[in-house]
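Chain identifiers are assigned alphabetically (A, B, ...) following the order of the sequence lines, protein sequences preceding nucleic acid strands; residue numbering begins at 1 within each chain.
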Amino acid sequence: MPVVITLLTDFGTRDSYVGELRGVLLTRAPGAVLADIGHDIPPGDIRSAAYVLGRYRDAFPPGTVHLAVVDPGVGSPRAALALRSEGRYFVGPDNGVFTPVLDAAEKVVRLAVPEGASVTFHGRDVFAPAAAALATGAPLDRLGEEPLAPPVRLPGPRLERRGRETIGEVIYVDRFGTLVTNLPSDTEPGIIEIAGARAPRRRTFSDVAPGELVAFVGSGGTVEIALRDGSAAARLSAGVGHEVRAVAPSDTRPR
Amino acid sequence: MPVVITLLTDFGTRDSYVGELRGVLLTRAPGAVLADIGHDIPPGDIRSAAYVLGRYRDAFPPGTVHLAVVDPGVGSPRAALALRSEGRYFVGPDNGVFTPVLDAAEKVVRLAVPEGASVTFHGRDVFAPAAAALATGAPLDRLGEEPLAPPVRLPGPRLERRGRETIGEVIYVDRFGTLVTNLPSDTEPGIIEIAGARAPRRRTFSDVAPGELVAFVGSGGTVEIALRDGSAAARLSAGVGHEVRAVAPSDTRPR
Amino acid sequence: MPVVITLLTDFGTRDSYVGELRGVLLTRAPGAVLADIGHDIPPGDIRSAAYVLGRYRDAFPPGTVHLAVVDPGVGSPRAALALRSEGRYFVGPDNGVFTPVLDAAEKVVRLAVPEGASVTFHGRDVFAPAAAALATGAPLDRLGEEPLAPPVRLPGPRLERRGRETIGEVIYVDRFGTLVTNLPSDTEPGIIEIAGARAPRRRTFSDVAPGELVAFVGSGGTVEIALRDGSAAARLSAGVGHEVRAVAPSDTRPR
């Protein structure tokens, strides 16, 4: 069974950067299967990359090498990491992108930057070679030394329970304009308040009429707020960090 | 020869959704070759998806599994389908996306929705597992039961011949702004009238000067209307459903 | 070791075109590994395609077949080419896209256009079949005849040294708005002047404060001008062809 290397970047698909990555990977790990996650993470948006990575990582088989290069600090002294967590490998910059897998990390190493590596393209010259090495069987501890400091973690979003009310945040907005929150699936199934609007909890978006807001447990396992046949983000002018409140139907206050 | 699984979706490439699909497919069908058609079908645009599917399906070898997930009705009672047509397999929602292959379908089954499947992401939890099963040799009739109703078909576009005049419609607009019509290749090779403008029939777009409209038989086998070095759709403010008329040169009316 | 076929086009990812290419390739070269470079070259932008190709070509292993279809002249009498250069194969239109590899080309052939090929889609009907043939071992000289004329070359950008001053051009703008120039890496490491602004030469963009311009040797080996945490192209309203001047710090003129 060939080893899978996944690719998540903010490189876009107009330039040569993704091609250069693939070339390095296929030269050094010719038997590997390359699987794109996507290259359209907004430039430098580590938070989005971390959320996305938290979702796809487990869908791939054990042994998979997850390469994640969203690296606005390339060339600064931020560390380059490779780590193993729950049977998968992760390679990329130490900037918080690996937050979802750090708790379960079994081993973390700091990658050396090879002589002659481009200062601005560690994806090609540091991370891809490390990913290819892992895909071809190199042991993790052969790739680098103990990190000098614990890996960077992104601060967790706010999540607070007050009686029957739960207060959380929008943690991601997808291409359909659906607002993904950190409200857990067992949140009081009443009304979700956000940005002065209310979305009733239903099973899914087709349970309301077109043009109406609705909240439901999404495919990532938390509550999402959507607009049927439209963009909830645009309707509510809401985005990542916006407060959301789950309240029992009887608790909603008149406005 | 490894089995090919193609992927056509409206998921975009910013989110985790395509990555999750690929993870499920490569976990359950590790030997399969994944081939992206594209993930940029406009959200929920079943008609575009059906046109595109009608074009690439035969380019792939027999045995290919074509996964097509443009599924605005996910979570509603629309059926989930797998079918075989002209030696290829097709997996996706019963919403008309498979219209081009239904006439030749040899067998159609309704997929069961597994316990615990996400209500909003059948791509990951229903369709990808079925595609992987077919790619690894599971017989189609093992995947589901007889459908409760005949598969949904999109209404065909208008096509009418009146003497030497043929009246049809724009059925697709591509990224270059070329207007693909349903006028067959043997349509009277005179003038195409659309939106108050006229495009002369030529062999190809380089047969007219830059900035001029031209009609020719396109790579899909029907008449297309293009603007050399520009967008015919933008110039004519025309799109899917617009009427087109093929007339003999001598029949064109003065305007 | 399977042969890699890379794909560079301006087809975008909404339509069926990339899917049709992949179908032809996987039908005719079932063991080949398809590696996308990207499909988002601006429509018809041969110059961008040539720059991008010049960057990724060597990252892939010898024997790789590089398919590059940015072909605004499809259907005109421009030739269809296949060539070998530095151990890799290149297949695409004779319009300058192969400029970076022509000096080292060992052999060039003019591909025949098969009976029945679409006039507007040589990617599918001429270039993909040739790429698949090369990937499955067909010798280059079996694919076509001697070209009728030397392959088209894009004019090189201006590069002039006057004492300690070097004058060059922007040759590419990437998705981050970074301006790639043709100033070589050994250019006087002083100040880069462009569009009435000055960018100091540093090691990388994280050596200046957010919002400041900076020049450095980029990952392609030439000087680039970037805006930290922003787009230099947008800030300077600059693009391909813009003049750039490398001057010693003491030579900068007051403005």
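Annotation: side chain of Phe11(A) is not in contact with side chain of Asp174(C) (no heavy-atom distance under 4.5 Å).
For chain C, no part of Val33(A) is nearby; none of its heavy atoms comes within less than 4.5 Å. Both the backbone and the side chain of Thr13(A) come within contact range of chain C, judged by heavy atoms closer than 4.5 Å. At a 4.5 Å heavy-atom cutoff, Arg28(A) makes no contact with chain C through either its backbone or its side chain. Contacts of Pro72(A) with chain C are made by backbone atoms alone, with heavy-atom separations under 4.5 Å and no side-chain atom involved.
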Walk me through whether Asp10(A) and Phe176(C) qualify under side-chain contact (heavy atoms from CB on, under 4.5 Å). CA-CA 10 Å; Asp10(A) 63 354; Phe176(C) 301 99; 4.0 Å; yes
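Within a 6.0 Å radius of CD in Glu106(C), other residues, nucleotides and ligands contribute more than 12 heavy atoms.
Counting heavy-atom pairs under 4.5 Å between each of Ile37(C), Asp36(C), Val4(C) and chain A puts Asp36(C) at the top. For the set Ser118(A), Gly12(A), Ser16(A), the count of heavy-atom pairs under 4.5 angstrom toward chain C peaks at Ser16(A).
Scanning all heavy atoms of the two residues, the minimum distance from Arg175(C) to Ile41(A) falls at NH1-O, 3.5 Å.
Within residues 44-58 of chain C, the residues having any heavy atom closer than 4.5 Å to a heavy atom of chain A are Val52(C), Arg55(C), Tyr56(C), listed by residue number. Residues of residues 200-219 of chain C that come within less than 4.5 angstrom of chain A, heavy atom to heavy atom, are Arg203(C), Thr204(C), Phe205(C), Ser206(C), Phe216(C), Gly218(C), Ser219(C) in numerical order.
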